[in-house]
Number of protein chains: 2
Amino acid sequence: MRVAAEVFADQGYRSATIRDICRRAGTNVASVNYHFGGKAGLYRAVVQSGGAFTSEMAGRLAASGGAAEDRLRAYVEVFLARVLAEGPCAVHGRIMAREMIEPTEALDQLVDGFIRPEAEMLSLAVGEIVGKDFNREEIRLLCMSVAAQVVFYKHCRPVVERLFPDFRLDSAAVSVLAESIAGFSVAGLRGLRAGRLAAQAAKMKGTSGTATVTRSAERRIAKGRN
Amino acid sequence: MRVAAEVFADQGYRSATIRDICRRAGTNVASVNYHFGGKAGLYRAVVQSGGAFTSEMAGRLAASGGAAEDRLRAYVEVFLARVLAEGPCAVHGRIMAREMIEPTEALDQLVDGFIRPEAEMLSLAVGEIVGKDFNREEIRLLCMSVAAQVVFYKHCRPVVERLFPDFRLDSAAVSVLAESIAGFSVAGLRGLRAGRLAAQAAKMKGTSGTATVTRSAERRIAKGRN
DNA sequence: CGTGGTGTCAAACAGGTGTTTGAAAAGAAG
DNA sequence: CTTCTTTTCAAACACCTGTTTGACACCACG
């Protein structure tokens with residue numbers, strides 16, 4: 001039921017009431033219990049119904065082909081467009097955002113079915129950009145740094161709107177936003193790769209390395225971490 | 001009431017029931033209406049009660065003093081520590097996270113009282129790092145990219161835990177996490193600054209700069225720096 | 001002792017929740 | 001048409017929500 005997806009999307013599973021759903025859908029309250037076995041069954045059906053997104057993502061990412069940086073740019077673009085999409089075709093993204101904050105049993109299947117494959121693609125691209133000198137845990141953190149920038153505008157939109165009332169997210173703004181996120185991320189990954197390479201070169205030579213590396217290394221040490 | 005803050009923090013305003021709060025607190029259901037005038041009054045009192053955090057943040061940021069990159073690192077560290085803090089002293093952060101997803105009237109005062117001053121500090125640091133060639137809107141986006149990486153681990157923790165079951169967030173992990181976020185961000189901001197400078201230099205020389213050209217120029221710069 | 005104010009409590013209230021029920025309607029098969 | 005299954009519907013059910021109520025205990029003060 002489309003209206004059920006809509007209501008679940010912007011009210012959350014707990015706050016949504018089947019009476020509201022049925023009133024909007026023009027049907028009876030008892031019908032959902034008859035066809036789905038209850039509110040939970042309806043929700044499960046809604047969650048499982050949205051499955052045309054991963055293929056779209058995979059398609060665009062596969063089409064963009066070769067260069068890792070282009071794949072990352074495509075990832076940010078597609079991911080952001082889906083997450084910020086308006087209208088009825090965005091309910092799946094909104095439900096997923098809801099699930100992240102108020103997890104139900106549906107989150108597990110959502111993670112395994114949608115999020116994990118995308119994380120895999122992102123991880124490959126990030127790994128290529130930073131090079132072989134980063135281990136799996138480091139790459140994992142960097143992937144989350146990239147993905148975080150996208151979901152931020154989904155999860156913190158109320159705060160952003162209050163903080164910058166003139167900040168609008170029309171389709172043009174989404175484009176420059178995607179470019180900003182992708183540019184920042186690519187620059188960060190490249191910079192980290194360069195820094196790691198320089199640090200390794202310095203270690204091999206036994207010298208103290210370039211100015212840039214020395215600064216961040218000194219900072220790490222002088223920090224006196226507790 | 002501390003237990004009220006606790007319950008509000010991990011149940012949300014709507015799902016939390018005053019009966020549950022009062023049962024845990026060992027008091028009567030009517031007392032909250034007597035003292036606070038209702039559930040909303042209790043919540044307002046709880047939200048306003050947590051006000052010792054901004055000063056701590058401001059103190060550490062002021063103490064770290066001069067270099068913009070150090071201030072950014074301090075920002076990430078303090079922000080992340082607060083956001084991921086466990087125990088009773090973290091309820092304010094958790095409530096703020098809740099407010100971002102399910103905004104109530106309390107969000108406005110939360111934004112003006114806590115978030116805006118921190119955003120101001122972050123904006124200053126980011127502006128210094130990227131240099132004068134970025135306008136307010138660009139810097140704003142970059143600030144959100146930095147902050148996004150921190151709040152990500154708050155908002156998407158359920159997803160992260162399901163995606164990487166071995167990913168633990170003890171205090172040691174938080175330290176390396178902060179270092180990863182800060183390092184990635186600083187590298188990104190530095191890279192963007194270098195790219196912008198190179199693009200401007202190219203434009204002054206009369207060469208036409210499309211996005212592709214700019215990107216390759218960034219690449220040249222990033223490689224040339226080491 | 002009495003008195004008024006203050007805080008606490010169990011009970012009740014009015015409204016909303018998901019679910020169940022039993023009857024009525026619609027449709028398919030003989 | 002009859003019979004059977006499938007679907008729809010209004011009403012009721014049991015439970016939970018925030019709030020109100022009126023009685024009861026406490027306590028300083030006169």
Side-chain angles (χ1 to χ4, degrees), chain A residues 1-50 91-92 94-110 158, chain B residues 1-50 91-92 94-110 158:
Chain A
M1 214 69 95
R2 288 181 182 80
V3 15
E6 185 99 16
V7 173
F8 278 134
D10 56 42
Q11 305 235 35
Y13 172 74
R14 183 144 189 177
S15 297
T17 73
I18 63 173
R19 277 183 169 81
D20 183 25
I21 294 173
C22 291
R23 180 159 25 84
R24 297 198 205 184
T27 172
N28 191 274
V29 210
S31 61
V32 19
N33 281 288
Y34 178 81
H35 289 284
F36 300 98
K39 183 183 181 181
L42 211 195
Y43 187 68
R44 256 191 302 273
V46 164
V47 169
Q48 290 177 346
S49 74
V91 292
H92 199 244
R94 282 194 286 168
I95 287 181
M96 204 179 294
R98 282 269 173 195
E99 277 291 329
M100 294 190 192
I101 291 99
E102 210 166 277
T104 73
E105 320 81 37
L107 219 203
D108 300 85
Q109 87 187 56
L110 228 34
Chain B
M1 212 69 94
R2 289 182 181 80
V3 13
E6 184 97 18
V7 174
F8 277 133
D10 58 44
Q11 305 234 36
Y13 173 74
R14 185 147 189 174
S15 297
T17 74
I18 63 174
R19 277 183 168 81
D20 183 24
I21 295 173
C22 291
R23 180 159 25 85
R24 296 196 206 185
T27 172
N28 190 274
V29 208
S31 60
V32 19
N33 281 288
Y34 180 80
H35 290 284
F36 300 98
K39 184 184 182 182
L42 210 194
Y43 188 66
R44 257 192 301 274
V46 164
V47 168
Q48 290 178 346
S49 74
V91 292
H92 199 243
R94 282 194 288 168
I95 286 180
M96 205 178 294
R98 281 270 174 194
E99 278 290 330
M100 294 190 193
I101 291 101
E102 211 167 277
T104 73
E105 322 81 34
L107 218 203
D108 300 85
Q109 86 187 57
L110 227 35

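Chain naming here is simple, since letters A, B, ... match the order of the sequence lines and numbering starts at 1 in each. In this text the structure is predicted, and so the values were computed from the model without any measurement.
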* Asked: Checking all strands, does A:S31 fall into the base, sugar-phosphate, or nothing category for heavy-atom contacts under 4.0 angstrom?
  -> nothing
* Asked: Is there a donor-acceptor pair under 3.5 Å between the side chain of B:S15 and the backbone N or O of B:G12?
  -> no
* Asked: Between D:dC15 atom P and B:D20 atom CG, what is the distance in whole Å?
  -> 19 Å
* Whole angstrom value for the distance that separates C1' of C:dT8 from CG of B:N33 -> 13 Å
* **Spacing of A:Y43 atom OH relative to C:dT17 atom P, expressed in whole Å** => 18 Å
* To do: Looking at every strand, decide which applies to B:V32 at a 4.0 Å heavy-atom threshold: base, sugar-phosphate, or nothing.
  => nothing
* Asked: Taking CD1 from A:I18 and P from C:dG18, how many angstroms apart are they, rounded to a whole number?
  -> 5 Å
* Asked: Could you give the CZ-to-C1' distance, from A:R23 to D:dA10, as a whole number of Å?
  -> 16 Å
* Asked: For A:A40, which contact category applies under a 4.0 Å heavy-atom criterion: base, sugar-phosphate, or nothing?
  -> nothing
* Any A:H35 side-chain N or O less than 4.0 Å from OP1/OP2 of D:dT8 -> yes
* Check A:D20, A:T27, A:I21 against A:R24 for a side chain to side chain contact (heavy atoms under 4.5 Å, CB included) and give me the one that passes. => A:D20
* Under 30°, 30 to 60°, or over 60°: which ring-plane class applies to B:F8 and B:Y13, parallel, tilted or perpendicular? -> parallel
* To do: Looking only at side-chain atoms of A:A30, point me to the closest of C:dG7, D:dT20, C:dT20.
  => C:dT20
* Structure fact -> The residue, A:N28 or B:T17, whose nearest nucleotide of DNA chain D is more 5′ is A:N28
* **Whole angstrom value for the distance that separates C1' of D:dG22 from OH of B:Y34** => 14 Å
